[in-house]
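Worth knowing before you read on, the calculation uses all heavy atoms, side chains too, and leaves out hydrogens, waters and symmetry mates. Everything numeric here is computed off the predicted structure, so don't read it as measured data.
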Amino acid sequence: MLADMFAYFAEAENWLGDQGILIRVGQHLWYSFIAVVLGAVIAVPAGIYVGHTGRGQTLIVTAANSLRAIPSLGLMTLLVLFMGLGLLPPVLALVTLAVPPLLAGVYSGMRSVDRAVVDAAWAMGMARRQVIGVELRNALPGMVAGLRGAALQVIATAMIAAYVNLGGIGRYIFDGLALYDYGRVLVGAVLVTVLALTVDGLLAVVGRLVQPGAKAPSRRAAKTLRAGTV
């Protein structure tokens, strides 16, 4: 099985074309990106409101826990019955995975802000939106932590898109199981794992950069980043 997997990766033609690894990884990332963005549209405003006001905590926690309890594949199957095949059912199923960690990250980030900082902002005569801006700046590490959790959950589960005949890395696993080709199943599992760890590592770097008091990049480093060169 391992030999089959390495042989598959070694073939250059398996990386290119409409059914190549690069295309399927791109599709997998695209489904995951849409789900996380839609999850953020729901979770970020709700988390900011509850974190800032302290109202509705019980409702939010109950809603988030309810979403965690929903099996993604079962939900997607139900959505397919009502909406038919296409991108929307798997993406909506993935959104249910993205919302709880994002909500928890935004809420915990907002509540972890030092109250002395908030009180100082009020004492300086800042408007409410400015105070919320101060809270958001200090809550960024918690938000990024929530984003990491959401990205991991969604990328690991986005294979369900292949269940409704969409592309993505899940195609390797479903095809491999159907054909008893376990080397191909292993190709899909390895690709998903590497992809999830890579995205998590990149977001971990972002998390360190947004830490309050993080050292700003030097002028030379900033110029290099803008130029897109190493």
Show your working on side-chain contact (heavy atoms from CB on, under 4.5 Å) between I70 and L67 and close with a plain yes or no. CA-CA 5 Å; I70 298 175; L67 289 176; 4.1 Å; yes
Pairwise side-chain contact, V185 with Y172, heavy-atom cut-off 4.5 Å (strictly under):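 No, their side chains stay 4.5 Å or more apart.
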Should L203 and V199 count as side-chain neighbours, where that means a heavy-atom distance under 4.5 Å?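 Side-chain contact under 4.5 Å: yes.
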Specify the closest pair of heavy atoms between [X] and [Y], including all atoms of both residues, with the distance to one decimal.
X	Y	answer
V50	R111	O-NH1, 4.5 Å
L166	G86	CD1-O, 3.6 Å
V91	A35	O-CB, 4.1 Å
A93	I160	CB-CD1, 4.1 Å
V36	A151	CG2-CA, 4.3 Å
L103	A46	CD1-CB, 3.9 Å

If hydrophobic clusters are built from ILVMFWY residues whose side chains come within less than 4.5 Å, do [X] and [Y] share one?
X	Y	answer
L197	I169	no
V113	Y107	no
Y180	L186	yes

Answer yes or no: is there a donor N or O on one side and an acceptor on the other, between the side chain of S112 and the main chain of G109, under 3.5 Å?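 Checked: pair present.
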Polar side-chain atom of Q130 near backbone of A127 as donor-acceptor pair, under 3.5 Å: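 It does hold such a pair.
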Under a 4.0 Å N-O cut-off, is there an ion pair linking E135 with R128?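 Salt bridge absent between E135 and R128.
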Between R115 and D119 (salt bridge meaning N to carboxylate O under 4.0 Å), is one present in this structure?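 D119 and R115: not salt-bridged.
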For atom OH of Y8, decide whether the heavy atoms of other residues, nucleotides or ligands shown that lie under 6.0 angstrom number more than 12.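 More than 12 within 6.0 Å, yes.
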How are the rings of H52 and W122 set relative to one another: parallel (under 30°), tilted (30 to 60°) or perpendicular (over 60°)?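 Correct class here is tilted.
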Indicate the ring-plane relationship of F33 and W30, choosing parallel, tilted or perpendicular according to the 30° and 60° boundaries.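 Plane angle under 30°, so parallel.
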Please step through side-chain contact (heavy atoms from CB on, under 4.5 Å) for the pair R137 and L140, ending with a clear verdict. CA-CA 6 Å; R137 173 65 187 87; L140 277 176; 3.9 Å; yes
Quick one: list whatever passes salt bridge (charged side-chain N to carboxylate O under 4.0 Å, His left out) with R184, sequence neighbours left out.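 Testing R184 for salt bridge (charged side-chain N to carboxylate O under 4.0 Å, His left out), a comparison that skips the adjacent residues, returns D181.
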